[in-house]
Amino acid sequence: RAAEFYRTANAMPSAYCFPYRLESIRVLRDAIATCPSDARAYYYLGNLLYDLQPEKAIAAWEKSRDIDHTFATAHRNLGYAYSKREDDYPKAITEYEQSVACDNGDPRVYYELEQLYKTAGTAPGTRLALLTKNQATTDKRSDLVTSQVSLFVQTGQYDTAIDMLTNRRFDAFEGATQIHDSYVEAHTLRGKKTLEAGKAQDALRDFEAALEYPKNLGVDRPLQDPRAARTHLLIASAYETLGDAQNSRAPLEE
């Protein structure tokens, strides 16, 4: 049975082989005994054991990784397990980084690594470099691009963020506002910077844009928008700088 399983499992991509029956544990262990240098057998065993015996699953995945350092999914699974079971973020990040180094085409792994970076407090520039370097993969997930836009804002690259916000369509989950939050911050912060540079008219355009809810962002205007009060104050400030006393009062009444 072990020899038959070994031939069948190795004849298909690992993504399409996921043993789940308890009977498969013995088969996989027999396969390992028959061919101890097969990384996939250890990987499959780890997949089967993880829910109820995570320590043994981690040991199996570590063996798979040690046999085949180029197996991206073994690195990913170890990264996931180190973060969820051991709360060891540095070790988890190392494995995820190895995973994307082995295979830079899986957007799910990039998303998981980006979330792990965020949890671990990794610098925005480091997070942004990963997504930008692999733009083709980042573009496959709207939530990844949403994170990328936020990182452009955090690193002061407002023009790039606004260009992406203007020329792409985003799919937001119900109740999610992150992409619109980034839109508001990008226009607000660029407007403030422009106003400080003495370009009040350009700043005014950014502040007024910050009040909008563009359709391509997939976020509808709420019944109440507390952040709009701040934006109206900035609009008033821009009008005041322009010497337009009448229009500077109107936003304060909104």
From CA spacing to verdict: side chain to side chain contact (heavy atoms under 4.5 Å, CB included), Tyr44, Ser64: CA-CA 9 Å; Tyr44 296 138; Ser64 176; over 6 Å; no
Between atom [atom1] of [X] and atom [atom2] of [Y], what is the distance when rounded to the nearest 0.5 Å?
| X | Y | atom1 | atom2 | value |
| --- | --- | --- | --- | --- |
| Arg169 | Ile179 | CZ | CD1 | 12.5 Å |
| Thr146 | Arg141 | OG1 | CZ | 10.5 Å |
| Asp220 | Thr177 | CG | OG1 | 12.5 Å |
| Arg205 | Lys199 | CZ | NZ | 10.5 Å |
| Glu23 | Leu48 | CD | CG | 9.5 Å |
| Leu78 | Glu86 | CG | CD | 9.0 Å |

Minimum-distance pair of heavy atoms, taken over all atoms of [X] and [Y]:
| X | Y | result |
| --- | --- | --- |
| Ala81 | Ile58 | CB-CG1, 3.7 Å |
| Ala41 | Leu28 | O-CD2, 3.9 Å |
| Ala228 | Leu211 | CB-CD2, 4.0 Å |
| Ala92 | Gly79 | CB-O, 3.2 Å |
| Ala161 | Phe152 | CB-CB, 3.9 Å |
| Thr138 | Leu131 | OG1-O, 2.8 Å |

Pairwise side-chain contact, [X] with [Y], heavy-atom cut-off 4.5 Å (strictly under):
| X | Y | answer |
| --- | --- | --- |
| Tyr117 | Glu97 | yes |
| Leu195 | Leu204 | no |
| Tyr96 | Val109 | yes |
| Val219 | Asp181 | no |
| Val153 | Leu189 | yes |
| Gln135 | Gln148 | yes |
| Tyr183 | Ile162 | no |
| Ile67 | Asp38 | no |

Would you confirm whether [X], through its side chain, and [Y], through its main-chain N or O, come within 3.5 Å as a donor-acceptor pair?
| X | Y | answer |
| --- | --- | --- |
| Thr188 | Val184 | yes |
| Ser237 | Leu233 | no |
| Thr194 | Ala203 | no |
| Ser142 | Phe170 | no |
| Arg29 | Ser24 | no |

Count the heavy atoms of every other residue, nucleotide or ligand shown that sit under 6.0 Å from NZ of Lys133, and state whether that count exceeds 12.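 It does not: Lys133 NZ has 12 such atoms or fewer within range.
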Residue Arg230 excluded, over 12 heavy atoms near CZ under 6.0 Å: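 Atom CZ in Arg230 is packed in, count exceeds 12.
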Audit row: Gln115, Ser147, side chain to side chain contact (heavy atoms under 4.5 Å, CB included) steps and yes/no: CA-CA 9 Å; Gln115 295 303 301; Ser147 293; 4.2 Å; yes
Does anything in residues 44-66 form a salt bridge (charged side-chain N to carboxylate O under 4.0 Å, His left out)? List the pairs, not counting sequence neighbours.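 Sorted result for residues 44-66: Arg65-Glu95.
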What I want to find out is whether [X] reaches [Y] closely enough, with some N-O distance under 4.0 Å, to be called a salt bridge.
| X | Y | value |
| --- | --- | --- |
| Arg168 | Asp139 | yes |
| Asp106 | Arg108 | no |
| Lys192 | Asp206 | no |

Is [X] linked to [Y] within one hydrophobic cluster, defined over Ile, Leu, Val, Met, Phe, Trp and Tyr using a side-chain heavy-atom separation of less than 4.5 Å?
| X | Y | result |
| --- | --- | --- |
| Leu22 | Leu49 | yes |
| Leu217 | Leu151 | yes |
| Tyr158 | Leu128 | no |

Would you please test Val149 and Thr160 for side chain to side chain contact (heavy atoms under 4.5 Å, CB included) and show each step? CA-CA 8 Å; Val149 170; Thr160 302; over 6 Å; no
Knowing that exactly one of Asp159, Asp163, Asp202 qualifies, which makes a salt bridge (Lys or Arg N to Asp or Glu O under 4.0 Å) with Arg190?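 That would be Asp159; it is the only one of Asp159, Asp163, Asp202 passing the salt bridge (Lys or Arg N to Asp or Glu O under 4.0 Å) with Arg190.
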Going by ring pair (Phe, Tyr, Trp, His ring centres under 6.0 Å), name the pairs with one or both residues in residues 64-88, residues two or more places apart or in two chains.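 Matches after skipping sequence neighbours: Tyr43-Phe71.
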Carefully, step by step, assess Trp61 and Asn47 under the rule side chain to side chain contact (heavy atoms under 4.5 Å, CB included). CA-CA 8 Å; Trp61 286 333; Asn47 290 353; 3.1 Å; yes
Would you kindly say whether Glu185 and Gln154 are connected by a side-chain donor-acceptor distance under 3.5 Å?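 Glu185 vs Gln154: no donor-acceptor pair found between side chains.
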Give a yes-or-no answer on whether the side chains of Tyr110 and Asn134 include a donor-acceptor pair shorter than 3.5 Å.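 Indeed, the side chains of Tyr110 and Asn134 share at least one donor-acceptor pair under 3.5 Å.
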Is the distance between the ring centroids of Tyr213 and His180 under 6.0 Å?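 Tyr213 vs His180: aromatic centres under 6.0 Å.
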